[in-house]
Amino acid sequence: MDNLLSHFSGIPANTAASMSCALCGSNHVQVVGERDRDGKPLRNVLCIACGLVWVDPRPSDENIDKFYSSEYRLRYKGAYQPKPRHCYRETLRAITRTKRFLPLYQPGMRVLDVGAGAGFFAYVLKRKGILIEGIEPNEEYASYARTELGLCNIRTEFLKDIEGNGCYDLITINHVFEHLSDPCLSMAQMHRILGAEGRVIMEVPNIEATYHAPNKIFHVGHLYWYNPQTIQALAMRYGFTVDDVQIVPGTKHINLILRKSSRIIPEHDINAILSGNAAHVLSGLKKHTMLKYFFSHVPYVRFYKKMRQYSKERAYTKNFHDGVSIVDAVFSEFSDWPPESSLRY
Ligand SMILES: [Zn+2]
């Protein structure tokens, strides 16, 4: 491992982090990034004991909460409210998520969507006759869900602020965990608010993905980076068994289905998952060079797909005057979904 670390991109090897690893408690890290995707200073480190990656030093909790309450959507979507093309794109994503959700859903279940955004997923489910609750820290997006989409069950709230025990049967949490300042607290929180055998449907980005150029991986919004091993180990440590893990083709996002367990998962099961993982993650980052990236088909296929997507979105949305009409139109194209009872976990 030392040999591997010392050859990583000329970045200083083996140093100490300002905070210990949230997953294994180690304080020994390798710096794996010193700039964000815009070229601004941002240090990301990898725990050499388990492979978890995080932003170090960490902004204060107060600044993080402020960022997600007001700046995040503007910074990443360029608007306080979803633009027409986002309505189109997010509805398609919501339909994909709904297809994944339906096999786990049973009538009467209490469902919470964490990071509900502008509410497209909750809206698609409502059109399918399923009412869920949602929480979204950004006031403008939560307000859009309530006023434009009529979703009175979307609250402006953080996961850490939910009180009570066993209030939900199913939690959906997509592209949220990488943004959370305390993933341990959040995992424990989900365990607490779920009832017995409650399930979590989760998606997170994968540090092993290579569809971004090496200098475009890290950005200020992602406080943690996971790979399939670290996110599973984290879930297990906080009392979840892993029912399913899938890697999305192309993006390599990690899809998980977790189940609340009443027993403590043995430490050796968790350690077995993490064995050799740090070297594996580091080796992948080391191999992902600019030269290799630009000599592969990835950036060119990605550029072509993006252009085709923009053009399709523009063409589809140009005759609509509001977001909800776009959502309804996209939804109506998929209203004959077959029942998905064949897939049960
Ligand atoms: Zn660690």
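Ligands are counted one by one from 1 in listed order, and the atoms in each one are counted from 1 as well. Quick caveat, the model's predicted, so the values are computed rather than measured.
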Enquirer: May I ask you to decide if the ring planes of F101 and Y105 are parallel, tilted or perpendicular, using 30° and 60° as cut-offs?
Expert: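 Aromatic pair F101/Y105 classed parallel.
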
Enquirer: Side chains of D56 and M19: closer than 4.5 Å at any heavy-atom pair?
Expert: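 Yes, their side chains come closer than 4.5 Å.
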
Enquirer: What protein atoms of element N, O or S are positioned under 2.8 Å from the Zn ion (ligand 1)?
Expert: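 Only C21 SG, C24 SG, C47 SG, C50 SG fall inside 2.8 Å of the Zn ion (ligand 1).
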
Enquirer: Below 4.5 Å, heavy atoms only, C-beta onward: do M202 and F177 meet side chain to side chain?
Expert: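 Answer yes - side chains close enough.
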
Enquirer: Before giving the answer on salt bridge (charged side-chain N to carboxylate O under 4.0 Å, His left out), spell out for R259 and D244 the whole-Å C-alpha distance, their side-chain angles and the decisive distance to 0.1 Å.
Expert: CA-CA 10 Å; R259 185 195 300 263; D244 190 56; over 6 Å; no

Enquirer: Going by ring pair (Phe, Tyr, Trp, His ring centres under 6.0 Å), name the residues that satisfy it together with Y123, two or more places apart in sequence or in a different chain.
Expert: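 Counting only residues at least two positions away or on another chain, Y123 forms no ring pair (Phe, Tyr, Trp, His ring centres under 6.0 Å).
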
Enquirer: For the residue pair L170 and V200, what are the closest heavy atoms and their distance?
Expert: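 Looking at all heavy atoms of both residues, the shortest contact is CD1-N, 4.4 Å.
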
